[in-house]
Amino acid sequence: MNLLFVLEDGKDSCFYLFSLKDKEKKMLRISPRQQVGQHKLGDIYTAAADTTDFCRKIERLPFMIENDFFNENHSPFRVNNFLVVQKKSLSEFLFSQNETVLVSNPTTFTWHNSSGPDVMFKKGKLTLSQIGFDHFISYQEDAPGVFGVFERQEHVLRLIKNRVAGGTSLVNIAKRFKELTKLVDTNMKLSDAMKIFVSYQDTKGKKILRYNLGETE
């Protein structure tokens, strides 16, 4: 099963291709600045008619055609499923009941602020305001060829899972799950999407093999 996950933020949206085949898990993490012909992938996404149309464009990326990351025999790679979450809605979901959120920053980085002073985020546990959280998960190239944002965004997905499944009250879990469904645009049954999410979260067996497509390739 192949899934395109989009953390939607306009032309700064980030793209994750997840493939689950015979218990082998692979993920391609793609920068919105990835150059495709004369255009950047983020611009191609915003110009696409819909997410299905964009999936067809992803399949035709030179990397997908020329590389054997997903298919050793170079057979066509098909993106049959997609799941899109808006970054703004994700933030509102996490901050709906609290003014701060606790994150675990995998590595120290500096947020390059175009409208103010730069902000340093130290490695380790951090308590963030909603503005700080927005910086934490927004796309940037931390340093030439360094894309720590992918790790940070994946960490946030784990926070969402813990927020939904945390606690013992089935009523509260069902309520939070219903809230989450309002954030998601997908062509899948949500139960199937959750199965993929559980598989992604499963730490037993083979680890996920990850590959990054940065700003050029």
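Note that the coordinates shown come from a computational prediction; the quantities given were computed from them, not determined experimentally.
Checking side-chain atoms of N105 against main-chain N and O of F121 turns up a donor-acceptor pair under 3.5 Å. For S91 (side chain) and K88 (main-chain N/O), no donor-acceptor pair under 3.5 Å exists by modelled atom type. The main-chain N or O of D118 is never found under 3.5 Å from a side-chain atom of H112 such that the two would form a donor-acceptor pair. The backbone N or O of G214 lies less than 3.5 Å from no partner atom in the side chain of N212, so there is not a single donor-acceptor pair. Proximity of a side-chain donor or acceptor of N2 to a complementary backbone N or O of N80 within less than 3.5 Å is not detected. S104 places no side-chain N or O within 3.5 Å of a backbone atom of G124 that could act as its donor or acceptor partner. Under the 3.5 Å distance criterion, the side-chain polar atoms of N98 are left unmatched by any main-chain donor or acceptor of T100.
F133 has its side chain within reach of L94: a pair of non-hydrogen atoms, C-beta onward, lies under 4.5 Å apart. Side-chain atoms of T186 and N81, non-hydrogen and from C-beta on, never get closer than 4.5 Å to each other. Within the 4.5 Å cutoff, side-chain heavy atoms of I58 are placed close to those of I30. For the pair E8 and D185, the minimum side-chain heavy-atom distance is 4.5 Å or more. With contacts defined as side-chain heavy-atom distances shorter than 4.5 Å, the pair F136/W111 does not qualify. The closest side-chain heavy-atom distance from M188 to L3 is below 4.5 Å. Looking at Q140 and V149, their side chains never come closer than 4.5 Å, going by heavy atoms from C-beta outward.
Expressed to the nearest 0.5 Å, how far CZ of F77 lies from CG of L61 amounts to 11.0 Å. Of the inter-residue distances, the one linking F82 atom CZ with T52 atom OG1 reads 4.5 Å to the nearest 0.5 angstrom. Here the CD1 atom belonging to I44 is positioned 6.5 Å from the NE2 atom belonging to H39, to the nearest 0.5 angstrom. How far CD of Q86 is from CD of E92: 9.0 Å, rounded to the nearest 0.5 Å. In this structure, the separation between CG on D134 and CG on L128 is 11.0 Å, given to the nearest 0.5 Å. The distance from atom CD of E141 to atom OG of S31, rounded to the nearest 0.5 Å, is 7.5 Å.
Summarising the geometry of T46 relative to K11, their closest heavy-atom pair is CG2-N, 3.6 Å, with the distance given to 0.1 Å. Scanning both residues, C55 and L4, for their nearest heavy atoms gives SG-CD2, 3.8 Å. For the residue pair T110 and M120, the shortest heavy atom distance occurs at OG1-CE, 4.1 Å. Between P32 and S13, the shortest heavy-atom distance links the atoms CB-O, 3.0 Å. Taking every heavy atom of both residues into account, L20 and K25 meet most closely at CD1-CG, 3.5 Å. For the pair M64 and L28, the tightest heavy-atom approach, listed with the atom from each and the gap, is SD-CD2, 3.7 Å.
Between R33 and D12 there is a salt bridge, with a side-chain nitrogen of the basic residue lying less than 4.0 Å from a carboxylate oxygen of the acidic one.
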> Where do I208 and F18 land on the side-chain contact (heavy atoms from CB on, under 4.5 Å) test, with the steps shown first?
Replying inline: CA-CA 9 Å; I208 299 176; F18 181 71; 4.1 Å; yes

>> Is there a side-chain contact (heavy atoms from CB on, under 4.5 Å) between F15 and R29? Walk through the geometry before answering.
In response: CA-CA 6 Å; F15 311 99; R29 307 186 293 192; over 6 Å; no

>> Please evaluate residues Y45 and V84 with respect to the criterion side-chain contact (heavy atoms from CB on, under 4.5 Å), reporting the C-alpha separation (whole Å), side-chain torsions for both, the decisive distance (0.1 Å), and the verdict.
In response: CA-CA 12 Å; Y45 175 73; V84 180; 3.7 Å; yes

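Hydrophobic clustering, with ILVMFWY side chains joined whenever heavy atoms are under 4.5 angstrom apart, keeps M27 apart from V146.
Heavy-atom neighbours of L102 CG from other residues, nucleotides or ligands within 6.0 Å: above the threshold of 12.
The six-membered or imidazole ring of Y211 lies near that of F63, with a centre-to-centre distance under 6.0 Å.
No side-chain N or O of Q34 forms a donor-acceptor pair with one of K40 less than 3.5 Å apart. Side chains of Y16 and Q153: a donor on one and an acceptor on the other come within 3.5 Å.
Cation-pi geometry between R152 and F109 is met: the NZ or CZ atom falls under 6.0 Å from the ring centre, inside 45° of the normal.
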